[in-house]
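In what follows, every heavy atom counts, from backbone to side chain, and hydrogens, waters and symmetry copies are set aside. Keep in mind it's a predicted model, so treat the numbers as computed, not measured.
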Amino acid sequence: MAENPLSSPPSSPLARAERFVWLTARVLEQRRFAYHFLRGGADQVETALMAYLNEDGGYGHALEPDLRGPVSQPLHTAHGLRVLDTIGRCGGLRVERICRYLTDVSTHDGALPAIHPSQRGYPSAPFLTVVDSPPSALLSTGPVVGVLHRNQVWHAWLFRATEFCWSAVESLEKAHPYEIQAAVAFLDGAPDRPRAEAAADRLGRLVREQRLAVLDPDQPEDHSMADGYAPGEVLHPHDYARVPDSLAGRWFTDAEMARSLDRLEADQEEDGGWPGRRDAWAPGSALEWRPIATIEALRTLRAHGRTIG
């Protein structure tokens with residue numbers, strides 16, 4: 001880039017974010033930033049991601065910053081798959097190994113728990129509860145199934161996991177925002193497009209009826225705060241529809257989405273990063289979330305046609 005992000009005060013949102021990333025981010029997020037915005041290579045991202053890979057085929061080592069410790073977890077593995085998806089590497093033997101791990105940790109109905117009991121004894125966020133026999137969770141299963149289908153991965157694990165996701169999504173009544181996000185991640189990748197569109201239409205009505213999105217940033221009182229969420233931990237239209245062709249994009253008017261993206265632009269902080277908007281329960285977790293949030297904010301703005309620099 002033309003301006004040195006460390007020698008002079010950067011001006012564009014991208015240059016300010018770059019400075020923040022170099023000053024604060026893990027190697028993985030540095031490599032991801034370089035790939036998405038500085039023409040860096042996919043090989044470097046994948047090499048950085050391998051540091052979190054365990055012998056069982058899952059990911060651990062606080063890849064998802066709210067779960068600390070070395071053990072593989074479904075949420076870590078979902079995070080790893082999202083990274084692979086964004087660099088075009090979600091396939092081959094690497095994903096075959098991941099699917100074997102998913103099979104090993106699945107519940108009796110073939111889906112994933114939010115937190116596997118192996119997390120017990122390691123630090124984790126207080127809102128992530130470890131139990132001995134956890135139920136299946138759309139929160140962890142939906143994004144994994146969606147990204148595997150989008151990349152045309154076929155594995156025996158997907159059959160029952162996909163049926164679980166359809167059942168969970170189509171029976172959702174009282175939901176929380178992150179659960180809706182997981183449902184969208186599944187529906188955006190589901191191969192049965194007419195069924196996905198019908199399910200998404202119903203969820204969109206639910207989101208508006210239950211006020212699960214901030215439709216006007218100037219009137220946050222119109223948003224329903226979910227139980228257990230931190231102050232300010234609210235979701236806007238862009239949080240559901242991170243790309244314009246997401247099924248969730250149909251839930252909002254052009255004006256609502258424009259206001260949402262305006263808010264996202266304005267949320268860039270003085271140091272160049274975006275807020276993590278999660279409960280800051282541990283210093284390391286809070287610090288590691290912000291570069292992740294910064295990369296996602298920039299990718300969302302760019303996907304929706306906003307100028308970032």
*If you measure from the Lys or Arg side-chain nitrogens to the Asp or Glu carboxylate oxygens, is any gap between R100 and D104 under 4.0 Å?*
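No, R100 and D104 are not salt-bridged.
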
I'd like to know if E29 and R290 make a salt bridge, using a cut-off of under 4.0 Å between side-chain N and carboxylate O. no

Residue pair [X] / [Y], side-chain heavy-atom distance below 4.5 Å:
| X | Y | value |
| --- | --- | --- |
| D188 | D245 | no |
| R26 | P291 | no |
| F164 | L112 | no |
| D239 | P177 | no |
| S12 | I308 | no |
| P135 | T107 | no |
| W157 | L148 | yes |
| W154 | H149 | yes |

- For Y122, what are the other residues in its hydrophobic cluster, where any two members join if their side-chain heavy atoms are less than 4.5 angstrom apart?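 Grouped by the 4.5 Å side-chain rule, V71 form the rest of the cluster around Y122.
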
Nearest 0.5 Å please: distance from the [atom1] atom of [X] over to the [atom2] atom of [Y].
| X | Y | atom1 | atom2 | value |
| --- | --- | --- | --- | --- |
| I115 | L67 | CD1 | CG | 4.5 Å |
| I180 | L139 | CD1 | CG | 11.5 Å |
| L301 | R242 | CG | CZ | 10.0 Å |
| H108 | S136 | NE2 | OG | 6.0 Å |
| L23 | D271 | CG | CG | 8.5 Å |
| R205 | Q210 | CZ | CD | 12.5 Å |

Could you tell me whether a side-chain N or O of [X] sits under 3.5 Å from a main-chain N or O of [Y], the two making a donor and an acceptor?
| X | Y | value |
| --- | --- | --- |
| R208 | W251 | yes |
| S140 | A137 | yes |
| T24 | F20 | yes |
| E256 | L215 | no |
| E64 | R68 | no |
| Q119 | S124 | no |
| T294 | W274 | yes |
| R94 | G91 | yes |
| Y101 | Q73 | yes |
| N151 | V147 | yes |

### Query
Around R39, counting heavy atoms of other residues, nucleotides and ligands shown, do more than 12 lie under 6.0 Å from its CZ?
no

Within the supplied structure, the quantity of interest is the number of heavy atoms (other residues, nucleotides, ligands) at a distance under 6.0 Å from R31 CZ; does it exceed 12?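 It does not: R31 CZ has 12 such atoms or fewer within range.
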
Just to verify, what does [X] make a side chain to side chain donor-acceptor pair (under 3.5 Å) with, not counting sequence neighbours?
| X | result |
| --- | --- |
| R32 | E296 |
| D56 | S72 |
| D43 | R89 |

- Hey, what's the ring geometry for W22 with F33, parallel, tilted or perpendicular (30° and 60° as the breaks)?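 Ring orientation of W22 relative to F33: perpendicular.
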
With under 30° as parallel and over 60° as perpendicular, where do the rings of H238 and H236 fit, or are they tilted in between?
parallel

What's the shortest heavy-atom distance between [X] and [Y], and which atoms?
| X | Y | answer |
| --- | --- | --- |
| I87 | A42 | CD1-O, 3.8 Å |
| A303 | P244 | O-CG, 3.3 Å |
| A213 | V207 | CB-CG1, 4.1 Å |
| L261 | H304 | CD1-CB, 3.6 Å |
| P70 | N54 | O-ND2, 2.9 Å |
| A199 | E170 | CB-CG, 4.5 Å |

With clusters defined by side-chain heavy atoms of hydrophobic residues (ILVMFWY) lying less than 4.5 Å apart, directly or transitively, does [Y] cluster with [X]?
| X | Y | answer |
| --- | --- | --- |
| W281 | W289 | no |
| Y52 | V27 | no |
| I292 | L298 | no |
| L287 | L28 | no |
| L247 | V243 | no |

The salt bridge (Lys or Arg N to Asp or Glu O under 4.0 Å) partners of E173 (sequence neighbours excluded) come to R202

Those residues at least two apart in sequence (or on a different chain) that pass salt bridge (Lys or Arg N to Asp or Glu O under 4.0 Å) with R306 are D262, E265

In this structure, which one of L158, V145, V144, T141 forms a side chain to side chain contact (heavy atoms under 4.5 Å, CB included) with L102?
->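 Among L158, V145, V144, T141, the one that satisfies the side chain to side chain contact (heavy atoms under 4.5 Å, CB included) with L102 is V144.
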
May I ask you to check whether F186 and W166 place their ring centers less than 6.0 Å from one another?
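Yes, the ring centres sit under 6.0 Å apart.
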
